[in-house]
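Everything below concerns the one structure shown next.
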Amino acid sequence: MRLLVVEDDPLLLHSLREGLREENYAIDTALDGATGLTMAFEVDFDAIILDGMLPEIDGWEFLRRLRPKKTTPVLMLTARDAIPDRIRGLDAGADDYLVKPFDFDELLARLRALIRRDRGQGSNRLQINEITIDLARKEAMKNDTPISLTPREYALVEYLALHRGVVISRTELYDHLFDESDDSLSNLLDVHVSNIRKKLGSSFISTRRGHGYAIE
Amino acid sequence: MKRPFRSIRWRLLLWHSLISLALVVAVVVLADRLVTKEKMDRIDREIRNFERRFFREIFDDEKREKGNPPSLDEIRNALRQLNESETGLSGFESLFQENASEPYLATWDKDGTPLFISKNAPDSLALPVFAKKVHPFRYLDRDSFREHQRRYSSGLSIVTGRDISLEIASLHQFRILLGIGGISLLLGALAGSWWLAGRALRPVETISHTASRIAAGNLNERIALANSDTELDQLGHVLNDTFERLASMIEQQKRFTADASHELRTPLTVILSETQRALKRERNPEEYQAIISHCQTAAKRMQALVNSLLLLARHDLETSPEKSPVIDLAAVAAVVADLLEPLAAERHSKITRALTPVQVSARPELLEILVQNLLSNALSHPPEGTAVTIRTHISQKNAILEIHDAGPGIPAEHLPHLFDRFYRADTARSHGSGHSGLGLAIARSITETLHGHIEVTSSPTTGTTFRILLPASEK
């Protein structure tokens, strides 16, 4: 999953980026609303974490401009905790609202919920034949036996599983699993797919020549 | 209804009734006196005229044509004859009858022997006693008779009188009526003043009720004013203004607290986020060091913010200024400029000093904060390489500190708000540079504590100048 974090405090931005990367998200960042908005239009992020008080364009204006064109899930992070502010944020188009200071694990859980809902999933556990994918624990299990996947492998499996039945192009996979800081040499999709097939079964991921990959 | 003599209404009533009482009594007494006097004067005139007519009648035909006034003996004889006369005197028949409702008359000789006593004289008639030998005349009230008594130079004394019981009765009646009238007037005045006081004081009750409600918490309510210029309206105006100021002060407080807590949230979030992230997995020492260092940065930022807020809060509450020493503004400016030379070097800016010694009365640490806030702003906000000048001089009993940067200036729309708390004109530099938005607010607060004035001028061509005026001290 690829996320955009728009936050004007560099220290906090750094902390969020590192923390989320360690949770296997691909992260892009912006220090002000204008830059963030441009990025949000250019890239199809799976979710956006948005601060309220931003220079250039503030969080609410960001939403106002984003929403007509994009339905990306947005989680607002802000120091404004008054009820009117929350209502304003949610009505402006935010899908969730977290008040600073927040618990990092709570942020992660809410992100997962946002993405899950965006993908039409009700539960954190996806069942694909004999493979179970636990989105919360970031684990894949075959018949309740945990299978060890590398972070990249898991990210790929999770993405395809959440888009189950849809053929995802390689471009899209690249866009959503890696961010601009990644070293492209280690990201050969084919290698990852092959490894996954070895671990979870050769029929787990199907290839559509010329189109992409899918989990049926 | 408050206890009597405590409430204004009762006191007004009391005083008003006392005054009314005095007035009514005065009027009643005056009326009584006037009417009595007028009545008595009339009676006296009547008696006098009677006497005159009497004597004219007696002596009219005698000696008159001779042109001489009658002699004493002639008078005596005439009066004695009258006494014995059966026919009486024409025109004065009543003198010879028994009733005294008509005037009576009596004369005595020098030695007190009666010369003529009219038949209708009362039994109580007596020879008048005069203190002096000669007494022109006097009026006397004897029982229910009013008498005109006179002693002539010849020694003859005469009394003319009349029964005035009818008049007295009528006067009594008049007095009673007057009394009743006076009392009703008084009662009317009392009732009127009670009602009037109530009317006048009702607005006071309204005001006091409204004020209690406002004081109890509803700060948006105001006292309704009739928009006349009465004293109560003025009171209402004053109270409303006070409430207005109170409400705005409380608003300011709320806003300040909200802003302050808002500012503190982000560094707190950093610490929380970093520490939670740190504990999620095993890390190498470098990572831990980096995380801890970030926490420290955030904590320091909070520390600076808290210090600034406390400084401002202390100034807000400062009621009794301590005695400040007299120090040299130029010396303080020099110290701060030295302190900030490293920053200037980092920003490739040069600080030019034009410092003329000038004395002010201030605590040195406050002055330092003031100068430092402005000077570091001048070094940090404009682009690198901008020339900065710090200048002190004296002008018209004011010590003047000027800090100028030759940068691109501050847009005009920000200038009025520049000294507001947490106001950031340069929103792109909000957190990164560690500026809290309180620096100028603190500068203004310190300046005002020192009884001075701070102002800013800025334009793209001339740069930005902050000017502080403080009262200069005599050495």
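Letters A, B, ... are given to chains in the order of the sequence lines, protein chains preceding strands, and every chain is numbered from 1.
- By the neighbour-count criterion of 12 heavy atoms within 6.0 Å, atom CD of Glu286(B) is densely surrounded, having more than that number from other residues, nucleotides or ligands.
- For the atom pair OG of Ser273(B) and CG of Leu16(A), the computed distance is 4.5 Å after rounding to the nearest 0.5 Å.
- Applying the 6.0 Å contact sphere to CZ of Arg67(A) captures more than 12 heavy atoms from other residues, nucleotides or ligands.
- Contact annotation for Leu272(B): only side-chain heavy atoms (C-beta onward) come within less than 4.5 Å of a heavy atom of chain A.
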Item to check | Residues Glu287(B), Glu18(A); criterion side chain to side chain contact (heavy atoms under 4.5 Å, CB included); working and verdict | outcome: CA-CA 11 Å; Glu287(B) 279 189 297; Glu18(A) 292 309 304; over 6 Å; no
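- The contact between Gln276(B) and chain A is made entirely by side chain atoms (from C-beta outward), counting heavy-atom distances below 4.5 Å.
- For chain B, the nearby part of Leu108(A) is the side chain; its heavy atoms alone come within less than 4.5 Å.
- Electrostatic pairing of Arg277(B) and Asp105(A) does not count as a salt bridge here, judged by no charged N lying under 4.0 Å from a carboxylate O.
- The residue among Thr297(B), Val270(B), Ile291(B) with the most heavy atom pairs within less than 4.5 Å of chain A is Val270(B).
- Open room surrounds NZ on Lys300(B); 12 or fewer heavy atoms of other groups in view lie less than 6.0 Å from it.
- Between Leu268(B) atom CG and Lys100(A) atom NZ the span is 11.0 Å, to the nearest 0.5 Å.
- For the atom pair Thr266(B) OG1 and Asp8(A) CG, the distance stands at 7.5 Å (nearest 0.5 Å).
- Using a 4.5 Å heavy-atom cutoff, the side chains of Leu11(A) and Arg301(B) are in contact.
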Next on the checklist: Using the rule given for side chain to side chain contact (heavy atoms under 4.5 Å, CB included), can you reason through Val99(A) versus Arg265(B), listing the C-alpha separation, both sets of side-chain angles and the distance that settles it, and then say yes or no?
Outcome noted: CA-CA 9 Å; Val99(A) 176; Arg265(B) 282 180 204 253; 3.4 Å; yes
